[in-house]
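Scroll down for the structure; my scribbles are underneath it.
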Amino acid sequence: MTKIKYLCRSNFKAIKMSIEQIIRDLIVESIEKCYHQEIDSSLVQLQNTRKEFEGDITLVVFPFVRISKKSPEQTAAEIGDYLQQNVPEVEKYNVVKGFLNLVISSEYWVSVLNSISSVSNFGITESSESSNLVMVEYSSPNTNKPLHLGHIRNNLLGFSLSEILKANGNKVVKTNIVNDRGIHICKSMYAWKMWGEGQTPENTGIKGDHLVGNFYVKFDQEYKKEIASLIEQGENKESAEQNAPSMHGAREMLLKWEAKDPEIIELWTMMNQWVYAGFDVTYKALGVDFDKIYYESETYLYGKDEVLRGLNEGVFYQNEDSSVWADLSAEGLDQKILLRSDGTSVYMTQDIGTAKERFQDYPVNKMIYVVGNEQNYHFQVLSILLDKLGFEFGKGLHHFSYGMVELPQGKMKSREGTVVDADELMAEMIEVSRKTSEELGKLEGYTPEQAAETYTMIALGALKYFMLKVDPKKNMLFNPEESIDFNGNTGPFIQYTYARIRSVLRKATDREIELVRNISITSDIPAKELQLIKLISQFPVAIKEAGDNYSPALVANYIYELVKEFNQFYHEFPILIEENSQIRNLRLVIAETVGKTIKTGMKLLGIDVPERM
RNA sequence: GCCUCGGUAGCUCAGCUGGAUAGAGCAACGGCCUUCUAAGCCGUAGGUCUUGGGUUCGAAUCCCAACCGGGGUACCA
């Protein structure tokens, strides 16, 4: 067990894993040797040493004092002695209370940096033939209104999660189920037919999804008026809601649509095309995409077939009014409707059909649905229903359940117009970004096109990072008054740090300073540099945890930590002007490696980084 | 009612698979641009981690209860 054995490995992960693994194993061994008792290695709690103490790896010794029957300090010292004698990389140790802080040699950290700086895709695990295929469903818009801030969160989470899963060695298929049928689109259709006066995106200049959304709002306004007047005429609220003419009209359209009435299908096709054209623009601006798009109008029939099969097989039952139900009382849940009494499909019906389609189309090992937490119950039920229908994948579905985006006044409501529109928000942020760039004179010398590309990149960086840095499971708040910051813990801060690093590297080239990636250093690594190397080396761990926990926020938080540390370093120490050439080269390699890590990490969040800003 | 998720600084959030003195950013106040980009750096101030019990060497973290808030709860999606 010599030092050379670990230092020669080119794969960084192997090195890092092995040093911790070696220490772990030897701790178990030392307990046996010193206290004559075998322990489970799960008792060995290793953590990164906190910044305020000397050391790199810390062992919590409290769990062993029961075994040693000695004070925590003494126990720590005995284990420390053993490790120092038997692990060459353990240079020295110190004990603070019950914590054993191990100091790992500079040589070890230099070898870590060397192995990281020599690879181009540090942190990324490539997929292979035998990798799992994960399907990620995200976005899944309704075609009756434009995308809003809630959809932005969904899209960014879905895209980023897909990138993170890829970086963990999975094959990923990004998919989108477009909810293009149902009562909601019929409402827009009805309103357009009644009050549209032939408006089109072309003759109004309004983006297609917004135009259709306007009619959805119009429907709701008229519907409410009708209800009010019916109530005035003496009807109760419930029957007024049922009997309002516009609701009748929309429902009739839905029935006609399911009956494939040519006129309705034509109207539906036309309005959906308007919406798709609009969505494409928004998706492109957001930088998200899909490998496969499903349409509810095509999958709901499969769902219907499956439900009827379930009915025949006695898995489901039918009421006198001919509606079809699932009895979930055995699972501790309620009765769930699967087909309405008029025979039309509900949301659940089509999701069953879509799931079946997907597993027929792809050899999916894992299906992930990126859908808001308001639908937790829906997916719990979907999983059970698919299982009941005999699909072995039913139980393995994963609902990536994320929190709502709330405004200071509470939840966003499309119909009430209290939504933050996706297109508008992006446009506003790009405008703020442009102004800031101009005021700071950051993009002087760029062509207008280059400048636009950069300030757009910064605006989207701000928006995306803002959404992704928050734990996906939690609700988050967006205050339109305060909007989204460009300073502090933000995307632009990270992008700025990257641009600074690129600038330093360009200047190094200009000044003909050679950058030697295979570092040899005769002195100890200075503290700040060491801190950075340790942080960089945590990147693969951050990616793995983000993948295991389905949390882009973990990547965002990691990058922020790294960047904050780098900025302190940058401020405090010269890189190019440093006279000691070994130190100068070390700093250059660290800067380059931090830059590489930022770029890779931000890519996992779907955020680009600029050469200049 | 029942189910479920959450409550950490004035605000927005980290930390939550138990470990050292609970961290950032914003906002406030005070410093730092003739040195590699000040969208930056440093400092000051700001906390009964909702409350009350419990588990143990140790609890923001785990368990129980209460309070407050979000979401869901049989023909919306």
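Small disclaimer: the values here were computed from a predicted structure and weren't measured. Letters A, B, ... are given to chains in the order of the sequence lines, protein chains preceding strands, and every chain is numbered from 1.
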Quiz item: Hey, would you say the A/F400 and A/Y369 ring centroids sit under 6.0 Å apart?
Solution: no
Quiz item: Contact class for A/F573 (heavy atom, under 4.0 Å): base, sugar-phosphate, or nothing?
Solution: base
Practice problem: Hunt down the Watson-Crick or G-U wobble partner of B/A60, both distances under 3.5 Å, from any strand shown, or write none. | Solution: none
Quiz prompt | Closest to the A/Y496 side chain, choosing from B/A77, B/C36, B/A38 | solution = B/A38
Quiz item: Reckon A/V470 touches a base, only the sugar-phosphate, or nothing at all at heavy-atom distances under 4.0 Å?
Solution: sugar-phosphate
Quiz prompt | Candidates B/C36, B/U12, B/C57 - which lies nearest the side chain of A/L576 | solution = B/C36
Self-check item: Mate of B/G23 where both pairing distances stay under 3.5 Å, Watson-Crick or G-U
Solution: B/C13
Quiz prompt | Shortest side-chain distance from A/N101, nucleotide among B/A20, B/A77, B/G7 | solution = B/A20
Quiz item: How is A/V346 classified with respect to the nucleic acid when contacts are heavy atoms under 4.0 Å: base, sugar-phosphate, or nothing?
Solution: sugar-phosphate
Quiz item: Is A/K442 near enough to B/A39 that one of its side-chain N or O atoms lies under 4.0 angstrom from OP1 or OP2?
Solution: yes
Quiz item: Only one of A/Q531, A/K528, A/K564 clears side-chain contact (heavy atoms from CB on, under 4.5 Å) with A/F569; which?
Solution: A/K528
Quiz item: So what does A/D471 hit on the nucleic acid, given a heavy-atom distance under 4.0 Å: a base, only sugar-phosphate, or nothing?
Solution: sugar-phosphate
Quiz item: What does A/A499 touch in the nucleic acid at a heavy-atom separation under 4.0 angstrom: a base, only the sugar-phosphate, or nothing?
Solution: base
Quiz item: Side chain of A/K97: nearest nucleotide among B/U21, B/G72, B/A38?
Solution: B/U21
Practice problem: Among the candidates B/G19, B/G40, B/C36, find the nucleotide nearest to the side-chain atoms of A/R511. | Solution: B/C36
Quiz item: In residues 326-340 of chain A, which residues come under 4.0 Å of RNA chain B by heavy atom?
Solution: A/D334, A/Q335, A/I337, A/R340
Exercise. Give one of base, sugar-phosphate or nothing for A/T497, where a contact means two heavy atoms less than 4.0 Å apart.
Key: nothing
Quiz prompt | is_close_aromatic(A/Y550, A/H398), centroid dist under 6.0 Å | solution = yes
Self-check item: Pair assignment for B/C67, Watson-Crick or G-U wobble, requiring both distances under 3.5 Å
Solution: B/G7
Practice problem: Name the nucleic acid region contacted by A/Y377, choosing base, sugar-phosphate or nothing; use a 4.0 angstrom heavy-atom cut-off, strictly under. | Solution: sugar-phosphate
Quiz item: Got more than 12 heavy atoms from elsewhere within 6.0 Å of CD, A/E453?
Solution: no
Exercise. Write down the partner of B/U44 under the Watson-Crick or G-U wobble criteria, each distance required to be under 3.5 Å.
Key: B/A28
Quiz prompt | Residue A/Q568, side-chain atoms from C-beta onward, closest of B/A39, B/C41, B/C36 | solution = B/C41
Practice problem: Remember a base hit wins even if backbone is also touched, and classify A/Y570 as base, sugar-phosphate or nothing at under 4.0 Å, heavy atoms. | Solution: base
Quiz item: Under 4.0 angstrom, heavy atoms only, what part of the nucleic acid is A/K473 near: base, sugar-phosphate, or nothing?
Solution: nothing
Practice problem: Looking only at side-chain atoms of A/S503, point me to the closest of B/G6, B/A38, B/C36. | Solution: B/C36
Self-check item: Among B/C36, B/A39, B/G25, the one nearest A/N489 by side-chain distance
Solution: B/G25
Quiz item: With a non-hydrogen cut-off below 4.0 angstrom, is A/K469 in contact with a base, only sugar-phosphate, or nothing?
Solution: nothing
Quiz item: When you measure from the side chain of A/D321 to the backbone N and O of A/S323, does any donor-acceptor pair fall under 3.5 Å?
Solution: yes
Practice problem: Have a look at A/F493 and say if it touches a base, only the backbone sugar-phosphate, or nothing, with a 4.0 Å heavy-atom cut-off. | Solution: sugar-phosphate
Quiz item: Does B/U35 have a Watson-Crick or wobble partner in any strand here, with both distances under 3.5 angstrom, and which is it?
Solution: none
Quiz prompt | 5' precedence on RNA chain B between A/F53 and A/N142 (nearest-nucleotide basis) | solution = A/F53
Practice problem: Would you indicate what A/T344 reaches in the nucleic acid, counting non-hydrogen atoms under 4.0 angstrom: base, sugar-phosphate, or nothing? | Solution: nothing
Quiz prompt | Out of B/A77, B/C36, B/G19, whichever nucleotide has its closest atom nearest the side chain of A/Q45 | solution = B/G19
Exercise. Classify the glycosidic conformation of B/C67 as syn or anti, calling it syn when the angle lies within 90° of 0.
Key: anti
Quiz item: So which nucleotide from B/U35, B/C16, B/C57 ends up closest to the side chain of A/I577?
Solution: B/U35
Practice problem: Would you indicate what A/M613 reaches in the nucleic acid, counting non-hydrogen atoms under 4.0 angstrom: base, sugar-phosphate, or nothing? | Solution: base
Practice problem: For B/C75, give its Watson-Crick or G-U wobble partner with both distances under 3.5 Å, or none. | Solution: none
Exercise. Give A/E561 one of three labels, base, sugar-phosphate or nothing, depending on what nucleic acid heavy atoms sit under 4.0 Å from its own.
Key: nothing
